[in-house]
Amino acid sequence: MGESVPVLDFGSQTAQLIVRRIRELGVYSELLPYDAPEAQVRNLNPRGIVLSGGPASVYEAGAPQLPGWLAESGLPLLGICYGMQLLAHTLGGRVSGLQQREFGPATLSLTTAEALFAGTPAEQPVWMSHGDHIEALPPGFVPLAHSPGAPFAAAGDAARRWYGIQFHPEVVHTRHGRDILHNFLYDVCGCGGGWQAESFVAAAIERVTDRIGDRHAICALSGGVDSAVAALIVHRAIGDRLTCVFVDNGLLRRGEREQVIATFREHFHVPLVVVDAVEEFLGALDQVTDPEQKRKIIGEKFIRIFERESRRLGVGDAKPFLVQGTLYPDVIESRAPDRQQGVTIKTHHNVGGIPADMQLELIEPLRYLFKDEVRAAGLQLGLPEDWVWRHPFPGPGLAVRTLGAITWERLETLRAADAIFIEELRSAGLYRLTQQAFAVLLPVQSVGVMGDGRTYAETLALRAVTTEDYMTADWARLPMELLARVSSRIVNEVPGVNRVVYDISSKPPATIEWE
């Protein structure tokens, strides 16, 4: 493949953002385990390596260590936060703990405008998040910047092209973080640039072709852009040896089934099987209220249906492939097996909900892409714009938007309310200005008055967010007139709901979905 600057993952919650920023600057990047074999890293044709931050202290027993081969690799290195401390500790410097952590905004003062900081001001706002700091630099390193809580907030060894920074350039709070990463990629690593999300498609088709060979695959097709793009990539690679399977589990948005059938059968002419499994799913979810249990039940149920369909279709392979539209944020939040240093936020049904005895071989063409990159790929593949820009829908569907017990009646209530919210957003021209919007049915009833009578009915929450990458998000400042109109319509048109609230939580501390 072409050039890359991979990120070695030491467990930071923003490690994936480093990858994203590098790609935005025109260089391909992937997040790899910190102890990935050298051959795996070299396979990406790296021009340099970034060491992410992480929650550990370099002196802790069992703390992640710097791979031994890196020191002799000849590659430029950029250590961020823990990555910098690890460089210093490993190479003969001294790291110590702070009595008070430096967390949040800080002012960085440059000691010298070395290559890493070329074109940036002598003092600049940065975002800190560390409990340890460097007391003494290792041999060959010189100080480049300091902050109130870090005497060596940046340092470098220009001869070896090794640099460390104590702050996080990947977050927007570091005003010149993009410039610093640009300098590392182009001035230090000598990258040529030019990578775009669209260029991913041809490479993905080639990888899928090589991996599947002459075998068959089925694709877990939902109504979202992720599984659609994954399906189209695999169909380009292996043609009619791919069969898409769409499972109607009763947990879908209004009109989902009809849209999928029309687009894939009539527009793309991709082989499609529709499985009616409403009773099967609702039976398995009866009386289940815990969200993690819901996700795992749904994940396993999907897999068993796909296994059953592969047998029914007469696929002759000993172990057919299962195509899923798993994205990077799913992997990060679920702390998938290839990300041991992370923390589980919630189990995505298509990552952590997969049974260990699955009789299908998983293939995920989009596993290391962000949502906006998938959309760019979808447009290149000819996916209709309405589908490309459709708001994300969780794999477990309305099961994780129907809080508490799941019944067909509650699902129908939620479907109707959600459709009203989306319809009004579209009518107001605000659908594309929000990146995800939906309704949530709460396990809460409250007293109301309708006409001259007392009601005791369900409470419904509306959620709309703006985001770049779905790893962080802010609540959308929708016009009050719009929210009032949506609330009025829901209460008047959807039986069983007498109260509507609006969620004004950001991510973090909340997640986008409620469950």
Side-chain angles (χ1 to χ4, degrees), residues 1-5 16 19-31 44-45 191-212 217-244 246 256 259-272 321 323-331 350 363-393 395 431-433 435-436 467-471:
M1 64 175 298
E3 66 182 8
S4 76
V5 175
Q16 78 291 335
V19 173
R20 179 181 172 81
R21 301 306 178 219
I22 293 173
R23 292 184 190 178
E24 287 174 347
L25 290 165
V27 177
Y28 184 70
S29 182
E30 283 186 17
L31 188 65
L44 293 174
N45 190 25
C191 291
W195 187 86
Q196 296 178 324
E198 291 87 342
S199 65
F200 165 84
V201 173
I205 292 171
E206 184 178 346
R207 284 197 297 268
V208 169
T209 303
D210 290 343
R211 183 170 173 203
I212 294 182
I218 61 173
C219 178
L221 190 65
S222 70
V225 64
D226 309 335
S227 64
V229 171
L232 293 177
I233 285 173
V234 176
H235 189 249
R236 291 275 182 95
I238 67 171
D240 287 351
R241 284 185 286 118
L242 170 73
T243 300
C244 290
F246 176 75
E256 200 101 50
Q259 183 196 35
V260 170
I261 292 172
T263 300
F264 274 79
R265 281 187 181 164
E266 300 168 17
H267 184 77
F268 288 112
H269 307 291
V270 174
L272 175 66
F321 283 95
V323 181
Q324 288 195 151
T326 308
L327 300 192
Y328 231 169
D330 302 340
V331 177
N350 57 347
I363 186 166
E364 298 167 311
L366 314 178
R367 187 176 182 82
Y368 297 109
L369 289 189
F370 294 98
K371 179 68 74 173
D372 59 328
E373 296 172 332
V374 173
R375 286 185 168 134
L379 290 171
Q380 185 183 354
L381 289 162
L383 199 63
E385 282 207 15
D386 283 351
W387 196 313
V388 168
W389 292 104
R390 196 174 191 197
H391 287 181
F393 189 57
Y431 184 78
R432 287 277 294 271
L433 297 179
Q435 282 66 61
Q436 194 162 350
T467 179
E468 286 186 353
D469 49 32
Y470 293 86
M471 293 306 302

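With hydrogens and angles disregarded, no donor-acceptor distance shorter than 3.5 Å links the side chain of Glu266 to the backbone of Ile261. Without hydrogens or angle criteria, Ser4 side chain to Leu44 main chain gives a donor-acceptor distance under 3.5 Å. Of the possible polar contacts, one joining the Arg265 side chain to the Leu272 backbone as a donor-acceptor pair under 3.5 Å is found. Side-chain N or O atoms of Glu3 include none that pairs as donor or acceptor with a backbone N or O of Cys191 at under 3.5 Å. A donor-acceptor distance shorter than 3.5 angstrom exists from the side chain of Ser29 to the backbone of Val5, with no hydrogens or angles considered. Checking side-chain atoms of Gln16 against main-chain N and O of Leu31 turns up no donor-acceptor pair under 3.5 Å.
Taking every heavy atom of both residues into account, Cys219 and Ser227 meet most closely at SG-O, 4.0 Å. Residues Gln435 and Pro392 come closest through the heavy atom pair O-CD, 3.3 Å. Contact detail for Ser222 and Val260: the closest heavy-atom pair is O-CG2, 3.6 Å. Across His391 and Tyr431, no two heavy atoms sit closer than the pair N-OH, 2.7 Å. Contact record, Gly378 with Val388: C-CG2, 4.1 Å, taken as the closest heavy-atom pair. Nearest approach of Phe200 to Arg207, heavy atoms of both residues: CE1-NH2, 3.3 Å.
Side-chain contact between Val19 and Glu30 is absent, with no heavy atoms from C-beta onward closer than 4.5 Å. Between Thr263 and Phe268 there is a side-chain heavy-atom pair separated by less than 4.5 Å. No side-chain heavy atom of Val208 sits under 4.5 Å from any side-chain heavy atom of Val323.
Using bins of under 30°, 30° to 60° and over 60° for the plane-to-plane angle, the ring pair Trp387/Phe264 lands in the perpendicular bin.
Between atom OG1 of residue Thr209 and atom CD1 of residue Ile233 there is a gap of 10.5 Å, rounded to the nearest 0.5 Å. From Ile205, atom CD1 reaches atom CG of Leu232 across 9.5 Å, with rounding to the nearest 0.5 Å. Note: Phe246 CZ to Gln259 CD = 9.0 Å, rounded to the nearest 0.5 Å. The structure places CD of Gln324 at 10.0 Å from CD1 of Ile218, a figure rounded to the nearest 0.5 Å. Put simply, CD on Glu385 and CZ on Arg432 are 6.0 Å apart, with the number rounded to the nearest 0.5 Å.
A salt bridge does not link Arg23 with Asp372: every distance from a Lys NZ or Arg NE/NH1/NH2 to an Asp or Glu carboxylate oxygen is 4.0 Å or more.
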How far apart are the C-alpha atoms of Phe321 and Leu242, what are their side-chain angles, what is the distance that settles it, and do they pass the side chain to side chain contact (heavy atoms under 4.5 Å, CB included) test? CA-CA 9 Å; Phe321 283 95; Leu242 170 73; over 6 Å; no
With side chain to side chain contact (heavy atoms under 4.5 Å, CB included) as the test, would you mind laying out the steps for Lys371 and Val225 before giving the verdict? CA-CA 9 Å; Lys371 179 68 74 173; Val225 64; 3.9 Å; yes
Go through it in stages, so that I can follow the logic: the residues are His235 and Asp240, the test is side chain to side chain contact (heavy atoms under 4.5 Å, CB included), and I'd like the CA-CA distance, side-chain angles, deciding distance and then a yes or no. CA-CA 7 Å; His235 189 249; Asp240 287 351; 3.4 Å; yes
For Val229 and Arg375, what are the C-alpha separation, side-chain angles and deciding distance, and is it a side chain to side chain contact (heavy atoms under 4.5 Å, CB included)? CA-CA 8 Å; Val229 171; Arg375 286 185 168 134; over 6 Å; no
